[in-house]
There are 2 protein chains.
Amino acid sequence: MDYKKFLKQGNTMFLPNLSIDTVIIGNDKNVLKCLLLKMGNKWMLPGGYIKNDEDVDEAASNILKQRTGLKDPYLKFLAVFGDKNRQFKKLWQEFISDVNLEWEDDSWLNKRFVTLVYYSLVNIGDTHPTVGFFDETFGWFDFDDLPAMWMDHKSIALTAREKLKEDVQHDYNVYNLLPEVFTMPMLYQLHQNILGEEIDRSRFQKKMLASGLFERLPKVKKNTPGSNPFQYRVKKSL
Amino acid sequence: MDYKKFLKQGNTMFLPNLSIDTVIIGNDKNVLKCLLLKMGNKWMLPGGYIKNDEDVDEAASNILKQRTGLKDPYLKFLAVFGDKNRQFKKLWQEFISDVNLEWEDDSWLNKRFVTLVYYSLVNIGDTHPTVGFFDETFGWFDFDDLPAMWMDHKSIALTAREKLKEDVQHDYNVYNLLPEVFTMPMLYQLHQNILGEEIDRSRFQKKMLASGLFERLPKVKKNTPGSNPFQYRVKKSL
DNA sequence: ACAAAAGTGTTCAGCCTACACCCATGG
DNA sequence: CCATGGGTGTAGGCTGAACACTTTTGT
């Protein structure tokens, strides 16, 4: 699909007034990052619309796969953003004229949109992001230092960041942010980064091992002082 | 709004392809019940559509207030149901002809709908349900004995029932199912009913009191054998 | 030899569990 | 005075918190 078809025929291809946004979270050198796309002079969350013959979940999953290049990324529903004023006619107008396209006052994009937000946890090293036809480039941004963003996307991203903080205490799913094979110190650092506070190393390790989720592999050879850590991966659940 | 306006002009008043459904849960004689409306020969969850100038949350809240007659009922988002096949043309056609209205093949109601589902916990005694213009009557149904229901409403209701079971272990919000003033034995029974298993009475009471959520009132005079229980109500949080 | 990193132990307090016990009330 | 229901107490076990200890490794 090219942008002309998107602008002209989007109203017939997609469910109207509904969008999907995804907050794609990665972890780089112990800083939590968020994948954003640059459109015009502002950044935005990867998102899209729901085709008439597509499940909502499917649409979210497709968007995520397209943008990250991953086969089966971890995906979870976050929230609905449905304010009555959630309408971005002015922003679209600015952008469309900036890129020298024909502005249409009654475009389907100018209407109010309810957006369904999902969030995803990925290992940045495994991703091969691709941009959409309106996007100049992509970038991974520290949650504490997000750039100027379209619409309400910044607050959506921060909502996901908060949700992750809540979730990490119950679920242990955050290993999705690491490579397939990782060490306990890596997982430990990650939990600390997400929570933003120190946790007891000994207790952490015992809790993780006791969970039975992880399978111990041979030690890695690292070239720094200190003992070599074991590697782990998630047990393939039968 | 009358049904003619609804059928003819719904497409201009509401966000298209989007609906809201609410699973309204009550507790009657230690059985969990669900408020349903009878439309034609089947029952359905109370629901509605989102006005163009209405927040999604507001719409859900309005639907809930209208149907229960309550001022400020407890409301929580449950899930999105967005299957591509979620379209009920045939059912609408049946119903519309059953009640001798004009069937229109291209009605906005015949399209695919994504529904945003909320669930609510109410004290049945406080409610004064009212029916909509398509509904014959309302009824409270045991979750284990739901009647024939429209579309996928039965599975939506059961999803809410499951969610409640999960939530009761973390949140203590289920007191919303009881009258404003209640006793510990009542709360204890309620938790047991939701979980479907016995829990230790002593421990339960201590946990609830330790939570600091409840304020002790004078004992009730009941006319059955055994000691009179204290009454409690939820502390007004400053 | 030393410092840093990784893994594991140890101790203590606090909480959960499973009962037991006591008191109030109606029949 | 007995059965029932409501409130609380208690002994044992388990878990979490805080910290200590040991081993491994590079410099």
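First the proteins, then the strands, lettered A, B, ... as listed; each starts at 1.
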Handout entry: Full working for side chain to side chain donor-acceptor pair (under 3.5 Å) between B:N62 and B:E54
Key = CA-CA 10 Å; B:N62 286 340; B:E54 193 180 34; 2.9 Å; yes

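- B:S202 comes within 4.0 angstrom of a base, heavy atoms only.
- Aromatic ring orientation, A:H170 versus B:H170: tilted (interplanar angle from 30° to 60°).
- The nearest whole Å value for the distance from the CZ atom in B:R216 to the C1' atom in D:dG6 is 11 Å.
- Atom CG in B:L209 sits roughly 11 Å away from atom P in D:dG9 (whole-Å rounding).
- Reading DNA chain C from its 5' end, the first and the last nucleotide to sit under 4.0 Å from a heavy atom of chain A are C:dA4 to C:dT10.
- When the C1' atom of D:dT10 is taken as reference, atom CZ of B:R201 falls 15 Å away, rounded to whole Å.
- By the 6.0 Å contact criterion, CD on B:E180 is open, its count of non-hydrogen atoms from other residues, nucleotides or ligands being 12 or less.
- Per the geometry, CZ belonging to B:F204 stands 16 Å off C1' belonging to D:dT8, to the nearest Å.
- D:dG16 atom P lies 13 Å from atom CD1 of A:I199, rounded to whole Å.
- Rounded to an integer number of Å, the gap from CZ of B:F182 to P of D:dG6 is 15 Å.
- Using a 4.0 Å heavy-atom cutoff across all strands shown, B:K219 reaches no nucleic acid atom at all.
- Atom CD of B:Q205 is separated from atom P of D:dG9 by 11 Å (rounded to the nearest Å).
- A cation-pi arrangement, defined by a distance under 6.0 Å to the six-membered ring centre and an angle within 45 degrees of its axis, is absent between A:R216 and A:Y232.
- Each of B:R203 and A:Q231 lies near DNA chain C, and the nucleotide nearest A:Q231 is the one positioned closer to the 5' end.
- If you check every strand for non-hydrogen atoms under 4.0 Å, B:N228 touches sugar and phosphate atoms only.
- Using a 30° and 60° split on the angle between ring planes, A:H191 and A:Y172 fall in the tilted class, from 30° to 60°.
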Handout entry: A:R67/A:T22 under side chain to side chain contact (heavy atoms under 4.5 Å, CB included): CA gap, chis, key distance, verdict
Key = CA-CA 10 Å; A:R67 288 292 154 262; A:T22 57; 6.0 Å; no

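- Look at NZ on B:K221: it is 16 Å from P on D:dG5, rounded to the nearest Å.
- Contact annotation: the side chain of A:D21 approaches that of A:H153 to within less than 4.5 Å [non-hydrogen atoms, C-beta and beyond].
- Side-chain proximity of B:K222 to the nucleotides D:dG26, D:dG5, D:dG7 is greatest for D:dG5.
- When each of A:P225 and A:K206 is assigned the nucleotide of DNA chain C bearing its nearest heavy atom, the one mapping closer to the 5' terminus is A:P225.
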